[in-house]
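Just so you know, these numbers use all the heavy atoms, side chains as well, and skip hydrogens, waters and symmetry mates. Because the structure is a prediction, the values reported are computed rather than measured.
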Amino acid sequence: MTASPFKSYLATLALLMAAGALLAGAFVAVVDPYGLYGLVLRDDFNAVKPGLTRYQNQIKQELALRRRPQFIIFGNSRAEIGFDPRAGALSALGAGYNLAIPGTGLATSASQFAQLRQAGVQPRTVIVGMEFIDFLNPAAAPAARPVAATTAPAPARAFWRFDTLFSLASVKDAVHTLRIQHDAQAATLTADGFNPLLEYGAHVRRDGYHKMFAQRAQESAANLRRKSTRSLATEDFHALRAFLLAMAATQADIKLVIYPYHAQMLAMFEAAGLWPLFDEWKAGLVLAMGAVKAQYPDARISLTDFSGYGAYNCERIPAANERDSATRWYWEAGHFKKALGDIVLQRLMSPSARAPGDGQFGMPLDGASLAQNRARIAQERGACAAAQPALFATQLLATQDSHTGGRR
């Protein structure tokens, strides 16, 4: 008899907890911070979605599968921030989705494409951002790295779907969604996977572009110090060929893009002793394309190089005392703005359409054009160095001597 009140207490507590969990889940489902449910979508309520801080790959993959896009964008943060699926150059392709995930490489892109294909989604056009740094070996390890797993173990779908509905983090994200509806500086993600990087606006107004470039350069320098100057990672080229073969089998129009690195970043490649590998990497991409075309003669695969020291890449970095000066094309050397991304996409879709002063921004690469491309970049470098000698005279890789001396 004495246990009866205790059992009643436990039952009441369990009911209250269950009711609380259901209410929390209902709140998350209605506000829908990740765009997974679509029960309600209203301006001034939840139309603006926050940027993803967890389950990025899983959520974007889910949204892409629902959208069944006609074109897909793969890549890292450069692609997520720079390539807007709603750009005018892509309008004729139909619905698209930006599946780029910050901090990821080809293994993630290949896995994403395989999941799309398994679900019966076969985009007609695939745009893939190619990252040179991903193909570099670590300086502290042998040039021939052990073959790593293609992807890190991903949470089971049932687990992450449950966690994005019934968790304190999801409730916080739902509350955050309500708060950012009129916040022009909040981190957001569009319905088609594009990150407009609105939060950078607040940093720029507070610190200025000079500090943004300097901070990114220091981070890049630390990363480059961990890279070897001896050789590229051959297994990454194997992974690229496998990825290209999978895409070519679907008869997709495959457009490989060498990102439009800012001149500061390219100057850092030079200072780090990586420029010969940069050239070798481009030749390796051309060879990978050729190998796939040998197996699929009708495959549509193109490689366009937007790197160099042209008018866009050599955009002036405001001085430290010019905090009110703005850049047009770059947030910092690591990330280009949508304005430049739109031009890149225009070049991809209409290679002959150029504006005055563009030069050879966006040069198609194949075996016959590699030498011409090297000459182009050398010529652009001379003009950029004359316009901005500080980029080349005093690099932010201040530890260059110890850096190169410690390489393998």
Side-chain angles (χ1 to χ4, degrees), residues 57 72-80 99-115 117 126-154 220 222-249 252 254-261 265-266 268-269 272-296 299 301-307 334 365-367 370 373 407-408:
N57 191 22
I72 284 287
I73 298 169
F74 292 116
N76 56 20
S77 62
R78 306 190 209 279
E80 187 188 52
L99 256 176
I101 305 292
T104 64
L106 281 177
T108 297
S109 298
S111 175
Q112 290 172 326
F113 185 81
Q115 292 179 59
R117 190 177 180 185
V126 182
I127 299 170
V128 186
M130 303 305 300
E131 180 59 68
F132 165 60
I133 297 174
D134 288 347
F135 285 72
L136 295 174
N137 282 305
R145 299 180 301 180
V147 178
T150 54
T151 56
S220 298
N223 186 27
L224 294 178
R225 278 196 293 273
R226 296 190 291 268
K227 304 301 180 181
S228 171
T229 59
R230 286 194 169 184
S231 63
L232 296 169
T234 56
E235 63 271 18
D236 287 331
F237 285 104
H238 295 323
L240 172 61
R241 283 193 288 272
F243 184 26
L244 291 176
L245 285 170
M247 291 188 289
I254 307 162
K255 298 182 182 296
L256 306 182
V257 180
I258 296 177
Y259 292 120
Y261 301 101
M265 181 69 75
L266 295 188
M268 294 176 73
F269 289 171
L274 295 169
W275 196 264
L277 289 183
F278 193 40
D279 279 336
E280 182 182 332
W281 173 67
K282 295 177 184 180
L285 298 182
V286 170
L287 288 175
M289 286 197 310
V292 174
K293 287 182 178 180
Q295 187 165 341
Y296 290 95
I301 310 175
S302 64
L303 172 64
T304 309
D305 186 5
F306 290 93
S307 71
L365 287 189
D366 55 27
L370 283 170
N373 191 50
R407 289 190 174 276
R408 298 188 57 173

Passing candidate, side chain to side chain contact (heavy atoms under 4.5 Å, CB included) with Trp281, options Ile258, Leu136, Asp236: Ile258
field: Side-chain donor or acceptor of Arg78 paired with backbone N/O of Gly334 under 3.5 Å
entry: yes
query: Under the 3.5 angstrom rule, does the side chain of Asn137 hit a backbone N or O of Leu232 as a donor-acceptor pair?
result: yes
field: Shortest non-hydrogen contact from Arg117 toward Ala246
entry: NH1-O, 3.4 Å
- request: Check the pair Met268, Leu224 against side-chain contact (heavy atoms from CB on, under 4.5 Å), reporting the backbone distance first and the verdict last.
  value: CA-CA 8 Å; Met268 294 176 73; Leu224 294 178; 4.1 Å; yes
task: Please determine which of Val257, Leu256, Ile72 meets the side chain to side chain contact (heavy atoms under 4.5 Å, CB included) test together with Ile127.
output: Val257
Non-hydrogen atoms of Ile73 and Ala79 that approach each other most closely: CG2-CB, 4.3 Å
- prompt: Is the Phe135-Phe237 ring centre distance short of 6.0 angstrom?
  reply: yes
query: Looking at side-chain heavy atoms only, is the closest gap between Met130 and Leu285 below 4.5 Å?
result: yes
Contact check, side chains of Ser109 and Phe243, non-hydrogen atoms, under 4.5 Å: yes
field: Side-chain heavy-atom pair Leu365, Leu370 within 4.5 angstrom cut-off
entry: yes
task: Determine the minimum heavy-atom distance between Ser228 and Leu274, stating which atoms define it.
output: O-CD2, 3.6 Å
- request: Compare every heavy atom of Asp305 with every heavy atom of Lys282, then report the nearest pair and how far apart it is.
  value: NZ-OD2, 2.8 Å
query: Under a 4.5 Å cut-off applied to non-hydrogen side-chain atoms, are Val128 and Met247 in contact?
result: yes
- request: Supply the atom-to-atom distance Tyr261 OH to Phe306 CZ, rounded to the nearest 0.5 angstrom.
  value: 13.0 Å
message: Quick check: do Ser307 and Phe278 have side-chain heavy atoms less than 4.5 Å from each other?
response: yes
- request: Heavy atoms only: give me the nearest Gln112-Phe74 pair and the separation to one decimal.
  value: OE1-CD2, 3.2 Å
- prompt: With a 4.5 Å heavy-atom cut-off, do Thr108 and Asn57 have their side chains touching?
  reply: yes
statement: Minimal heavy-atom distance between Ala100 and Asn76, with the atoms involved, is CB-O, 3.4 Å
task: For Ile133 and Phe269, run side-chain contact (heavy atoms from CB on, under 4.5 Å): C-alpha distance rounded to whole Å, both residues' side-chain angles, the deciding distance at 0.1 Å, then the answer.
output: CA-CA 10 Å; Ile133 297 174; Phe269 289 171; 4.2 Å; yes
query: Between Lys293 and Tyr296, is NZ or CZ placed under 6.0 angstrom from the six-membered ring centre and within 45° of the ring axis?
result: no
